[in-house]
Amino acid sequence: MTSTLHRETVENRVFRASYLALLVFMLLPLFVVVVTSFSQAGRLAFPPESYSLVWYGEFFESTRWLRAFTNSIIIGVGTALLASFLGVTGAFGQELDTDDSLGAILQPLVLIPLLIPPVVLGITLLMYFSEVGLRGSYASIILAHTLWATPLVYFVMRSVFSRFDWQQLDAAHDLGAGPVRSFVHVVLPNVKHGILVGALLAFIISLQEFVMALFLSTPSTTTIPVLAWTQIRQALDPMVSVVSTFLILISIGAIVLAAIATNLEWLSKQLS
Amino acid sequence: MTTTNTHDPSSLDRIRDAVVGQSNSRRALLLMAPLIAFELLVFVIPFFILLRISVASGSADLPYEPGTWSLDAYSSVIENILSFDLFWSILVYSFVLGGAVTIVTVGIALFYAYAIWRSNGLVKSLLLFSVILPLLTTLVIRTYAFTPLLSPTGTVNDILLSLNLLSEPIQFVPGTVGAGIGQLYIVLPYAVLAIYSVMATIDWDIVEAARDLGASRPRSVVEVVVPQVMPGVIVATVISFAWSVGSYAAPGLLSDNYTFAIYIERLLLTDQRYPTAAAFSVIMLVLMLISTGALFAILNRFGGDFDLA
């Protein structure tokens with residue numbers, strides 16, 4: 001009895017120590033990024049020898065970084081809008097569809113781009129966009145990012161729509177509402193938080209994606225991850241850490257926004 | 001419209017039924033049309049162009065000679081592979097790195113997902129947060145943070161040296177170990193979430209029952225939990241494998257070796273050899289497809305054999 005008890009406590013300790021070690025492993029790189037952004041020296045070291053806000057000042061004076069920042073936001077918003085439109089209409093259409101033959105093709109078709117190495121997608125799209133004359137435009141990067149963001153929006157929306165009570169839509173039709181009106185008044189209020197979460201996911205994906213952007217961007221459409229990549233390969237200075245800290249903050253902000261949106265939804269349901 | 005309706009309700013009903021019945025599938029088609037058009041224009045057609053360029057002949061001053069047909073690119077790549085030359089070593093390196101990262105990732109992900117599943121309250125939130133936060137950070141940054149940690153003058157070596165565990169620093173970065181760790185860090189969150197989402201639906205009582213029947217704790221996990229999360233494990237394996245074989249950022253930043261993704265970029269942007277780059281991509285995609293299919297079949301059988309339900 002005592003030996004089994006002893007074994008259990010040992011097992012417990014090993015178990016806890018292992019997952020705490022993994023927790024440290026998961027958070028350490030991000031911690032390193034945030035801490036080194038406050039370093040004073042020009043060389044990246046962890047932990048830094050002295051701390052200052054020098055590199056934050058540099059960031060706000062650097063037109064290159066601010067430009068890349070604007071580009072990232074433009075491309076992210078574009079991707080979020082396009083991917084949400086495609087994902088929502090596609091998932092909604094598939095839900096309305098009575099026979100599944102088209103959906104059976106659509107679902108794998110939407111999913112496959114996620115499993116193809118981004119470098120292969122990048123060169124494929126680079127060759128394609130050069131042929132059709134889109135090379136170097138914001139649109140080329142937005143389309144590429146949408147290829148990755150759409151599957152996520154699509155699957156989020158499929159699960160949201162699968163929980164929607166479709167009899168409500170039939171009822172709206174029976175009461176004489178047209179397709180657009182019934183969608184706006186009956187379906188939309190029930191799925192809008194799902195759409196918001198999908199759009200935010202798409203935005204975050206676009207904000208971080210860099211391999212496809214690396215191939216498709218030109219100096220005037222460089223996004224933050226691409227500029228970070230080229231900077232890192234030249235010199236390891238803490239500027240990239242500063243930018244990364246901003247990116248982490250924006251992403252956390254987006255998640256908080258999504259959480260608040262879904263929670264407000266929940267709250268309004270409780271109150272009504 | 002409404003006035004005619006009130007005059008003849010029975011014909012209205014017929015029309016309405018016909019319109020609703022028919023338009024439902026037509027409307028569905030109309031709604032799916034943008035997505036289908038997008039996938040065709042931005043995914044399917046580009047791939048045909050990639051295939052087309054892979055069978056064009058190279059050119060001295062252009063990336064490729066438009067309008068020509070030639071299998072030179074394929075024959076040169078395949079010949080190179082069969083004579084165990086550069087392409088062969090790149091292929092092997094990509095698959096070995098991808099395979100190793102996949103095995104370690106899925107093992108750790110199973111354990112971590114289990115830890116999240118079994119914990120509660122603040123610890124559970126913290127563990128989940130630690131999985132989601134890296135997902136929100138661009139992989140350039142996730143990878144770059146390992147440089148000050150793993151370089152010969154980095155933090156890990158400093159600690160190991162000061163503890164006298166090492167006599168001289170190990171060069172993790174640049175090197176294959178560093179690239180592997182970086183890639184592991186990139187795919188681990190996805191693998192954990194894929195497995196956890198399935199594990200969260202399991203009834204803990206089944207595991208409890210196995211323990212009451214005398215199974216030790218590790219055994220109850222391996223024989224009861226693992227078979228049930230097999231769908232999640234399959235997704236995690238396929239994702240980790242596909243992304244790690246095609247990895248670009250981690251080996252690019254943390255090692256000096258070529259994976260096929262890095263080499264394709266070189267062929268394309270530095271050497272401007274479009275047909276060769278396209279042919280090598282197609283060959284690698286086919287090999288990845290075959291190996292992923294094989295992995296899928298093996299894991300499916302494994303899951304089936306152990307299925308208790």
Side-chain angles (χ1 to χ4, degrees), chain A residues 11 15 18-19 22-23 26-30 32-33 36 44-46 85-87 89-90 92-94 96-99 102 106 109-110 113 115-120 123-128 131 143 146-147 150 173 179 204 207-208 210-211 225 228-229 232 236 240 244 247-248 251-252 255, chain B residues 20 24-25 27-32 34-36 38-39 42-43 45-47 49-50 53 108 111-112 115 126-127 130-134 136-142 144-149 154-155 185 188 217 238-239 242-243 245-246 248-249 253 261 264-265 268 274 277-278 281 284-285:
Chain A
E11 272 176 11
F15 180 63
S18 317
Y19 75 68
L22 281 170
L23 178 71
M26 294 302 283
L27 293 178
L28 189 61
L30 301 176
V32 169
V33 165
T36 51
L44 190 74
F46 181 80
F85 170 71
L86 294 172
T89 52
F92 188 49
Q94 204 170 345
L96 289 184
D97 201 7
T98 34
D99 72 311
L102 202 59
L106 191 61
L109 188 65
V110 171
L115 293 177
I116 290 183
V119 170
V120 175
I123 67 161
T124 306
L125 291 173
L126 178 67
M127 290 170 178
Y128 177 60
E131 300 265 321
L143 288 171
T146 305
L147 207 53
T150 306
H173 285 314
I204 290 172
L207 202 62
Q208 353 168 343
F210 104 101
V211 180
W229 172 261
I232 289 167
L236 272 183
V240 173
S244 316
L247 278 190
I248 296 172
S251 299
I252 292 178
I255 289 297
Chain B
V20 168
N24 233 8
S25 63
R27 213 183 301 146
L29 197 69
L30 209 65
L31 281 165
M32 284 190 271
L35 184 55
I36 294 169
F38 172 81
E39 295 292 338
V42 185
F43 183 60
I45 293 178
F47 255 92
I49 291 182
L50 179 83
I53 289 175
I108 293 181
F111 175 80
Y112 208 57
L126 193 63
L127 291 176
S130 77
V131 175
I132 291 167
L133 193 63
L136 305 179
T137 325
T138 167
L139 58 104
V140 181
I141 288 152
R142 284 187 255 163
Y144 129 100
F146 281 105
T147 314
L149 288 174
T155 320
Y185 189 67
L188 188 59
R217 296 200 293 174
V238 169
I239 288 179
W243 291 353
V245 173
Y248 175 84
L253 272 182
I264 282 175
E265 189 227 350
L268 196 82
Y274 276 34
S281 306
M284 282 306 287
L285 276 184

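Below, chain A is the first sequence line, B the second, and so on; all start at residue 1. Everything quoted here is computed from the prediction, not taken from an experiment. Only heavy atoms go into these numbers, but all of them, side chains included; no hydrogens, no water, no symmetry mates.
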### Query
Among B:Leu127, B:Ile264, B:Leu30, who wins on heavy-atom pairs under 4.5 Å with chain A?
B:Leu127
### Message
What I'd like to find out is whether the side chain of B:Leu188 reaches to under 4.5 Å of the side chain of B:Tyr112, using heavy atoms alone.
### Response
no
### Region of A:Ile248 that comes under 4.5 Å of a non-hydrogen atom in chain B
side chain
### Task
Output the option from A:Leu207, A:Leu115, A:Ile232 having the highest count of non-hydrogen pairs under 4.5 Å with chain B.
A:Ile232
### Task
For chain B, find which of A:Val33, A:Ile123, A:Ile204, A:Leu247 contributes the most heavy-atom pairs closer than 4.5 angstrom.
A:Ile123
## Note on the structure
dist B:Met32:CE -> A:Leu96:CG (nearest 0.5 Å) comes out at 8.5 Å
### Query
Does any heavy atom of chain A fall under 4.5 Å from the side chain of B:Leu126, the backbone, both, or neither of them?
both
#### Entry: Closest contact, heavy atoms only, A:Val110 versus B:Glu39
CA-OE2, 3.9 Å
## Note on the structure
So, the part of A:Thr150 with a heavy atom under 4.5 Å from chain B: the answer is side chain
## Note on the structure
Assert top hit (heavy-atom pairs under 4.5 Å, partner chain A, pool B:Ala261, B:Ala277, B:Gly246) equals B:Ala261
### Query
Under 30°, 30 to 60°, or over 60°: which ring-plane class applies to A:Phe210 and A:Trp229, parallel, tilted or perpendicular?
tilted
## Note on the structure
Heavy-atom nearest pair, A:Val32 first then B:Ala145, reads CG1-O, 4.0 Å
### Message
Do A:Leu30 and B:Pro134 have side chains that approach each other closer than 4.5 Å (heavy atoms only, starting at C-beta)?
### Response
yes
#### Entry: Interatomic distance, A:Met26 atom CE to B:Leu133 atom CG [nearest 0.5 angstrom]
9.5 Å
## Note on the structure
With chain B, the option among A:Ser18, A:Ala228, A:Pro118 that has the most non-hydrogen atom pairs under 4.5 Å is A:Ser18
### Task
Please flag which part of A:Phe15 lies under 4.5 Å from any non-hydrogen atom of chain B: side chain, backbone, both or neither.
both
### Query
Between B:Phe47, B:Tyr144, B:Tyr248, which residue shows the highest count of heavy-atom pairs closer than 4.5 Å to chain A?
B:Tyr144
### Task
Sort out for me which of A:Gln94, A:Glu11, A:Glu131 touches chain B most, counting heavy-atom pairs under 4.5 Å.
A:Glu11
### Summary
Greatest number of non-hydrogen atom pairs under 4.5 angstrom with chain B, of A:Val240, A:Val211, A:Thr36, falls to A:Val240
### Task
Determine the option with the most heavy-atom pairs under 4.5 angstrom with chain A, choosing from B:Ala278, B:Ala115, B:Ala242.
B:Ala115
### Message
Does any part of the side chain of A:Leu143, heavy atoms only, come nearer than 4.5 Å to the side chain of A:Leu147, both counted from C-beta?
### Response
no
### Message
Minimum heavy-atom separation for A:Gly90 and B:Leu35, please, with both atom names.
### Response
CA-CD2, 3.9 Å
